[in-house]
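Structure first, commentary second.
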Amino acid sequence: MLSHILNHLGEDRAAYQGAVTPPIFETSNFAFASVAAMREAGRHEYDAPFYTRGNNPTTALLRTKLAALEGTEDALVFGSGAAAMAATVLTFLRAGDEVVAVQKPYSWTRALLRDVLPRYGMVVRFVDAREVSEVAAALTSATRLIVLESPNSLTMELQDLAAIAAIAKAHGILTICDNSYASPLLQQPAALGIDLVVHSATKYLNGHSDVVAGVVCGAEAQLREIFKGPLMTFGAILGPFEAWLMLRGLRTLEVRLDRICATAVKVIEFLQDHPRVERIYYPGHRDDPQRDLAKRQMRGGSGLLSFTLRADRLADIERFCDALQYFLLAVSWGGHESLVWPMAVVLSGDHLPSAPVPWNLVRLSIGLEAPELLIEDLRQALAH
Ligand SMILES: *Cc1c(COP(=O)(O)O)cnc(C)c1O
């Protein structure tokens, strides 16, 4: 049960002198009573504290909860979502291996796949993974990994996770899915057969816009490989204090998402009937061509939605965004505060390329403010 995981699982309060909040083990190092005990601990760094680059009781508690949320055997935590993705991808590839990936992944996942991997002799094929057949057609005998992100950035494209996982399994190929957008509350890729589930925990899992963190959830055998490989050698770990802040953030994950999702529905009801709004991008929405798949594999959309604004020039989009009072102009998402991110940020002048992402697209991240406040803000900004 969710509230058991978020508020009780793994917490040994008797060991913390009854403290209801677990202590922060802010230590780099752990001491042992004998050489034999130290030798034993050094051999089992994955399982117990030895040195904080590998294991620490505060991060271990966080790992327990994250694994339970995704329904996997274990989880590893990193200093960022990008570190979690890079460590996971690099663990399972050698020179000559091939990767099949979604066509529009998160920008730094794209940079990893497009710019970094080829330098080490790996081949990456980006495909329109909305079609399972496109994924299947890109597989070769050298394919080791399929990298998915459902929903994906900005345009909320989905992949049929169960169907792709089944094809991958038949070919002995590992699957990774970035589940940041849905969170484990709205979608559990592992239950659909995906091997490794990656999160930018900076977003919904922490939810307070005060920590950058990453997670990978999966089977222990594979996580042990990630641990003894990139996690320990690159050392992009999460510190105990950030892990503790995340434990604090997780306490309210369920109530935050309940509120955020309910507000998102109200904001969409307002936007979809507004004459200046062209199209809504939200999993399961009537404008979503993949709504049947969304209904099948997700419990709902989160607080992330995009829409295209009827406009002639970038300046019109900028005027709308600049006029918003409560939606802050900032790049991240998933926190307590509502945010706006227009595609116009990465475009300039009146050059309107026919990019895969429409130039007049605006993404909102719904926060914890009252829906009336947010709708009123959108109403006045749309009037500009
Ligand atoms: C933010 C984000 C990341 C990267 O996470 P960081 O914590 O910023 O490193 C990866 N995937 C998605 C979908 C994201 O939104």
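For this chain, numbers begin at 1 and follow the sequence in order. Computed from a predicted model, the values in this text were never measured in an experiment. Keep in mind that the numbers below use all heavy atoms, side chains included, and drop hydrogens, waters and symmetry copies.
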- Worked verdict on F307 versus I268 for side-chain contact (heavy atoms from CB on, under 4.5 Å): CA-CA 9 Å; F307 61 96; I268 288 169; over 6 Å; no
- Check step by step if side-chain hydrogen bond (donor to acceptor under 3.5 Å, both in side chains) holds for N179 and E70. CA-CA 10 Å; N179 198 32; E70 281 293 3; 2.9 Å; yes
- Item | Derivation of the side-chain contact (heavy atoms from CB on, under 4.5 Å) call for L364 and L378 | CA-CA 11 Å; L364 301 179; L378 290 165; 4.1 Å; yes
- Task: Please assess R110 against E149 for the test salt bridge (charged side-chain N to carboxylate O under 4.0 Å, His left out), listing each intermediate value before the final yes or no.
- Result: CA-CA 11 Å; R110 185 177 65 230; E149 185 181 306; over 6 Å; no
- Given the rule in the side-chain hydrogen bond (donor to acceptor under 3.5 Å, both in side chains) test, do E157 and Q103 qualify, once you have shown the distances and angles that lead to the verdict? CA-CA 10 Å; E157 291 171 11; Q103 60 181 351; 3.3 Å; yes
- Starting from the C-alpha separation in whole Å, work towards a yes-or-no answer on side-chain contact (heavy atoms from CB on, under 4.5 Å) for L314 and W359. CA-CA 8 Å; L314 275 183; W359 65 273; 3.8 Å; yes
- Message: Working note: L112 + W108, criterion side-chain contact (heavy atoms from CB on, under 4.5 Å); need CA distance, chi angles, decisive distance, verdict.
- Response: CA-CA 6 Å; L112 169 76; W108 294 103; over 6 Å; no
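Atom CZ of F270 has more than 12 neighbouring heavy atoms from other residues, nucleotides or ligands inside a 6.0 Å radius. Residue-environment remark: CZ (F241) stays at or below the threshold of 12 foreign heavy atoms within 6.0 Å. Applying the 6.0 Å contact sphere to CZ of F32 captures more than 12 heavy atoms from other residues, nucleotides or ligands. Surrounding OH of Y326 are at most 12 heavy atoms belonging to other residues, nucleotides or ligands under 6.0 Å away.
Applying the 4.5 Å side-chain rule to ILVMFWY residues, one finds L158, M298 in the same cluster as L293.
Of the possible donor and acceptor atoms, one in the side chain of K169 sits under 3.5 Å from a partner among the backbone N and O of G193. Using a distance-only test at 3.5 Å, with no hydrogens or angles considered, no donor-acceptor pair links the side chain of N206 to the main chain of G249. Put simply, the side chain of H384 gets close to the backbone of Q380: a donor and an acceptor are under 3.5 Å apart. Checked by atom type and distance alone, the side chain of R279 never pairs as donor or acceptor with a backbone atom of T308 at under 3.5 Å. Here the side chain of S338 pairs a donor or acceptor atom with the backbone of G367 at under 3.5 angstrom. Distance alone, capped at 3.5 Å, is enough to place a donor-acceptor pair between the T64 side chain and the A60 backbone. No donor-acceptor pair under 3.5 Å is formed between the side chain of R256 and the backbone N or O of L368. Counting only distance, with no hydrogens or angles, the side chain of R63 and the backbone of A75 share a donor-acceptor pair below 3.5 Å. A donor-acceptor pair under 3.5 Å is formed between the side chain of Q188 and the backbone N or O of L69. In this structure a side-chain-to-backbone donor-acceptor pair under 3.5 Å is missing from Y46 to F227.
We find that D292 and K295 are not joined by a salt bridge, their nearest charged nitrogen and carboxylate oxygen being 4.0 Å or further apart. Using a cutoff of 4.0 Å between basic side-chain nitrogens and carboxylate oxygens, R276 and D316 are not scored as salt-bridged. Taking the charged nitrogens against the carboxylate oxygens, K266 and E269 have no contact shorter than 4.0 Å, which rules out a salt bridge.
Looking at heavy atoms from C-beta onward, E11 lies out of side-chain contact with L247 at the 4.5 angstrom threshold. Using a 4.5 Å heavy-atom cutoff, the side chains of M156 and S306 are in contact. Put simply, the side chain of D178 does not reach to within 4.5 Å of the side chain of P105, judged on heavy atoms. Two residues are said to be in side-chain contact when any heavy atoms from C-beta on lie closer than 4.5 Å; N152 and V102 fail this criterion. Between R248 and D210, some side-chain heavy-atom pair lies under the 4.5 Å cut-off. Between N55 and F50 the shortest side-chain heavy-atom distance does not fall below 4.5 Å. Side-chain contact between F126 and R114: present, with at least one pair of heavy atoms (C-beta onward) separated by less than 4.5 Å. Proximity of D97 to L145: side-chain heavy atoms (C-beta onward) are nowhere separated by under 4.5 Å.
Under the 4.5 Å side-chain contact rule for hydrophobic residues, L382 and L305 share a cluster. F92 and M232 fall within the same hydrophobic cluster, where Ile, Leu, Val, Met, Phe, Trp and Tyr residues are linked whenever their side-chain heavy atoms come under 4.5 Å apart, directly or through other members. Put simply, V265 and V255 are part of two different groups of oily side chains (I, L, V, M, F, W, Y) that touch within less than 4.5 Å, one to the next. No single ILVMFWY cluster, assembled from side-chain heavy atoms under 4.5 Å apart, contains both L76 and V212. Under a hydrophobic-cluster definition in which Ile, Leu, Val, Met, Phe, Trp and Tyr are linked whenever side-chain heavy atoms come within less than 4.5 Å, directly or via other members, Y51 and F30 are assigned to the same cluster.
Among T175, T88, V147, the single residue meeting the side chain to side chain contact (heavy atoms under 4.5 Å, CB included) criterion with L196 is T88.
Every side-chain hydrogen bond (donor to acceptor under 3.5 Å, both in side chains) that R224 has, sequence neighbours left out, goes to D47, E220.
The heavy-atom pair separating D288 from P283 by the smallest distance is OD2-CA, 3.5 Å. Contact between F78 and A87 at its shortest, heavy atoms only, is CE2-CB, 3.5 Å. For the residue pair P230 and L90, the shortest heavy atom distance occurs at CG-CB, 4.4 Å. Pairing each heavy atom of S150 with each of Q297, the nearest pair is OG-NE2, 3.5 Å. Nearest heavy atom pair, residue A323 against residue Q325, reads O-NE2, 3.2 Å. Nearest heavy atoms, S332 versus K203: OG-CE, 3.4 Å.
Residue L62 holds its CG atom at 6.0 Å from CG of L250, rounded to the nearest 0.5 Å. The line from CG of L361 to OG1 of T155 is 7.5 Å long, rounded to the nearest 0.5 Å. Residue S34 holds its OG atom at 8.5 Å from CZ of R39, rounded to the nearest 0.5 Å. Taken from CE in M122 to CZ in R94, the straight-line distance is 8.0 Å, to the nearest 0.5 Å. Rounding to the nearest 0.5 angstrom, the gap separating the CG atom in D258 from the OG1 atom in T263 is 10.5 Å. Here OG of S133 is found 9.0 Å from CG of D128. Values are rounded to the nearest 0.5 Å.
Less than 6.0 angstrom separates the ring centroid of Y204 from the ring centroid of W333.
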